There are 2 protein chains.
Amino acid sequence: MTTEIQPSPRRATSADVARKAGFSRSTVSQILNGEDARFPAATRDKVMAAAAALDYRPSRAGRALVTGLSDIVVVVVPNATYGPHLQDSVDRVTNASATAGMSVVVRFAAPDDEGTLLSMLDLRPAAVVDMGVFTQAQRARLTAAGTRVVPNRTPLNPGEDLDPVDILIGRLQVAELLRTGVRRLVYAALEDGRLDPFGPPRFEGITREASARGLPTPLSVRVPLEARGALAVLEPLVVDDSPLGVCCYNDDVAIALLSAARTIGLAVPQQLALVGVDRTDVGQLISPRLSTVSIDQPALMDTMMRELAEPRGGRGEPAPSLLQADLAALVQVVRGETS
Amino acid sequence: MTTEIQPSPRRATSADVARKAGFSRSTVSQILNGEDARFPAATRDKVMAAAAALDYRPSRAGRALVTGLSDIVVVVVPNATYGPHLQDSVDRVTNASATAGMSVVVRFAAPDDEGTLLSMLDLRPAAVVDMGVFTQAQRARLTAAGTRVVPNRTPLNPGEDLDPVDILIGRLQVAELLRTGVRRLVYAALEDGRLDPFGPPRFEGITREASARGLPTPLSVRVPLEARGALAVLEPLVVDDSPLGVCCYNDDVAIALLSAARTIGLAVPQQLALVGVDRTDVGQLISPRLSTVSIDQPALMDTMMRELAEPRGGRGEPAPSLLQADLAALVQVVRGETS
DNA sequence: ACGTGTCAGTAACACGTGACAGCTACGGTA
DNA sequence: TACCGTAGCTGTCACGTGTTACTGACACGT
């Protein structure tokens, strides 16, 4: 360590503020932390002015040390192929947390990865926004460690780990396909080295809706995102003339199948109907325009953030946060020309 | 199950390790921090065993408080439309940092945003991986605060803030277009509310290559990602029969222009040649297949990580990290049928 | 004058760590 | 025996914060 850089402009501490304001450090601390009712306005103003003049911001390390919690909000994103709306979502969290003086950071994680959980426990963030990584049990461990976890999804059946949003997506896809007279259904997941946390709940939704309409459990296939591979998956599915309906994991998968259908001369949507997820821009630029399920991620995030802003000691019921009624507004079918 | 977890499963501290090993806390601290040469093997082993048995991991807060630096590595990503390879890139950073016991987090930021910089200074991360957010001056402030910044891009001309990677991308696009006999060039940026940090260096690369080939500075337009808007941008560009070549900001922009070209019956690539960036899967699935510049993000990241792993007191020259020779292997044209 | 209550503010502690000076015992040397 | 160097380890400080128990002063009622 030869290059010991000194020009680091030492940050003002609460002691500096206290000295400048002419009070003790504890007084400063209490006033800055909202216990200002105890002190007269004159004192309060002096302290605030001194803090502002020195551009005082409390040291995260010091605060974390004494409270046991950092002021970091971690957004945990599954390391699957996430839709294109990630940045919009994170923006919402960032804005919502900025008012509370929290820093937002994103962490990609393999689903159900224990290492990720340990890392979270280690970091002791003030809150974790879980975009589909942890199981209920893992969430409980975080909560036990004093970390707030959103969304606080209350599963329909206890112990069930299926996200109601994804279930609804599956149901909507099936409903849209059946609208056109399709009688055979297939679920097309993404062929990818990484795991897919959204697959199971979506497939569950597809199965439920199919069952409700008197159809058997659909077949599930995995589609790679290149022409030859997609073709190899699609071809064996075409066994007779009955129109086939495919619920695709996302718009990219739908486009891959669309490309394959064109190669073997399959008419879309007459012989093959497709529904994607995410309403990507490209999906609306190609022809035929893609039918897809659009998710209002920013609004969904805002809902979560409202939950985050709730007072800590959440007495009574913890506000089910995502009512079915809300969901219908946030998840909608965009009808293109492929279904 | 109802795992009755204690409200706070207090993490083992170095004092616990010391008690268990039968030595003082300072001994533990020194041994665990690599000063083990001073101690006999027997002592060292006992301490290590105790630490392992208690699953001791030092408190980030405590360490940060005394060292003044946290052990967080922040990847700062511009809040522009980033390519689809973000997660792969971040994975590389995560793996590289895991060995050093660091946590990686991602932060989206508006380009040149002062608030983001303040947040960084506040967080005092051990290192910042800058994916194109900060200016040279801002990087210098981070360095002065003791934070390591990678990549340590040494600009060709002092004070120049243009990323050589993006410049190369622009040159390659022009070279590919000119190969087909195009004589008129246009740069198509993305019409988006967010700023675009990659635009200027790419346009610079395009301009330089055009100039080197005896062409004037190309026109620059902004393309929205929907059919009507793209059409409105493309139409006025078609003034005569001379073939038009468009360097697109990314594959999505290229697809939008492709769609517009089809609408007005423009032959691709005879009348309109396109080159995208990012080699998205969808770009290779549509027809005609997209010509595009592929960037080996993971490899690029590995290069940066090697820089991160370098010893702190970087004596001598700071290793220019990105030689032109390396670049040629990392950034390559993928020829489709649109150019 | 005395006890009581309130207000305004403070001293002291705890959090967990790294750095460094210093202590003890022991063996060697004068 | 007296002195000294050193290996091996420990004591203590500092980092910046939030919290709690406490103090001094003053007002009030008896």
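Please read all numbers here as calculations on a predicted model, not as lab measurements. Just so it is clear: chains get the letters A, B, ... in the order the sequence lines come, proteins before strands, and each one is counted from 1.
A sub-4.0 Å separation between OP1 or OP2 of D:dG18 and a side-chain N or O of A:S29 is present. Taking 4.0 angstrom as the limit, A:T67 places none of its side-chain polar atoms (N or O) nearer than this to OP1 or OP2 of D:dT17. OP1 or OP2 of D:dT17 lies within a sub-4.0 Å distance of a side-chain N or O belonging to A:S14. Contact check, A:R63 against D:dG18: a side-chain N or O comes under 4.0 Å of OP1 or OP2.
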### Task
Start with the C-alpha distance between A:L86 and A:F108, add both sets of side-chain angles, then the distance that settles side-chain contact (heavy atoms from CB on, under 4.5 Å), and finish with yes or no.
CA-CA 11 Å; A:L86 175 61; A:F108 293 112; 3.8 Å; yes
### Task
Walk me through it: do B:V76 and B:M120 pass the test side-chain contact (heavy atoms from CB on, under 4.5 Å)?
CA-CA 9 Å; B:V76 192; B:M120 292 295 100; 4.0 Å; yes
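In terms of heavy atoms, B:V104 sits closest to A:R107 at O-CD, 3.2 Å. Looking at every heavy atom in both residues, A:F198 comes nearest to A:P78 through CZ-CG, 3.7 Å. Taking all atoms of both residues into account, the shortest heavy-atom contact from A:Q138 to A:V133 is OE1-O, 4.3 Å.
Here the nucleotide nearest the side chain of A:S24, chosen from D:dT10, C:dT10, C:dC13, is C:dT10. In this structure, of D:dG8, D:dG18, D:dT12, it is D:dT12 that holds the atom nearest to the side chain of B:S26. Picking from D:dG18, C:dG16, C:dT10 the nucleotide with the shortest atom distance to the side chain of B:L65 gives C:dG16. Comparing D:dG18, C:dT17, D:dT10 by their closest approach to the side chain of B:P58 singles out C:dT17.
Whole-Å rounding puts the B:N33 CG to C:dC20 P distance at 12 Å. The nearest whole Å value for the distance from the CG atom in B:L54 to the C1' atom in C:dG16 is 15 Å. The distance from atom CG of A:L32 to atom C1' of D:dG18 is 12 Å, rounded to the nearest whole Å. The CD1 atom of A:I31 sits 14 Å away from the P atom of D:dT19 (whole-angstrom rounding). Rounded to whole Å, atom C1' of C:dC7 lies 17 Å from atom CZ of A:R44. Atom CZ of B:F23 and atom P of D:dG11 are 13 Å apart (whole Å). Here the P atom of nucleotide D:dT19 and the CZ atom of A:R25 are 12 Å apart, to the nearest Å. When the P atom of C:dT10 is taken as reference, atom CZ of A:R19 falls 14 Å away, rounded to whole Å.
Inter-residue side-chain proximity for B:I31 and B:K46 is flagged as unmet; no heavy-atom pair is nearer than 4.5 Å.
Residue B:S59 is classed as a sugar-phosphate contact, given heavy-atom separations below 4.0 Å to backbone atoms only. Here A:T13 lies in heavy-atom contact (under 4.0 Å) with sugar-phosphate atoms only.
Applying the salt bridge (charged side-chain N to carboxylate O under 4.0 Å, His left out) definition to pairs two or more places apart or across chains, those involving residues 49-59 of chain A are A:R11-A:D55, A:R57-B:D122.
Comparing the start and finish of the helix from C:dA1-D:dT30 to C:dA30-D:dT1, five pairs each, the helix axis swings through 80°, to the nearest 10 degrees.
In terms of position along DNA chain D, the nucleotide closest to B:G22 lies nearer the 5' end than the nucleotide closest to the other residue of the pair B:G62 and B:G22.
The base of C:dT10 is paired with the side chain of A:Q30 by a donor and an acceptor separated by under 3.5 Å.
For the pair B:S29 (side chain) and B:R25 (backbone), a donor-acceptor distance under 3.5 Å is absent.
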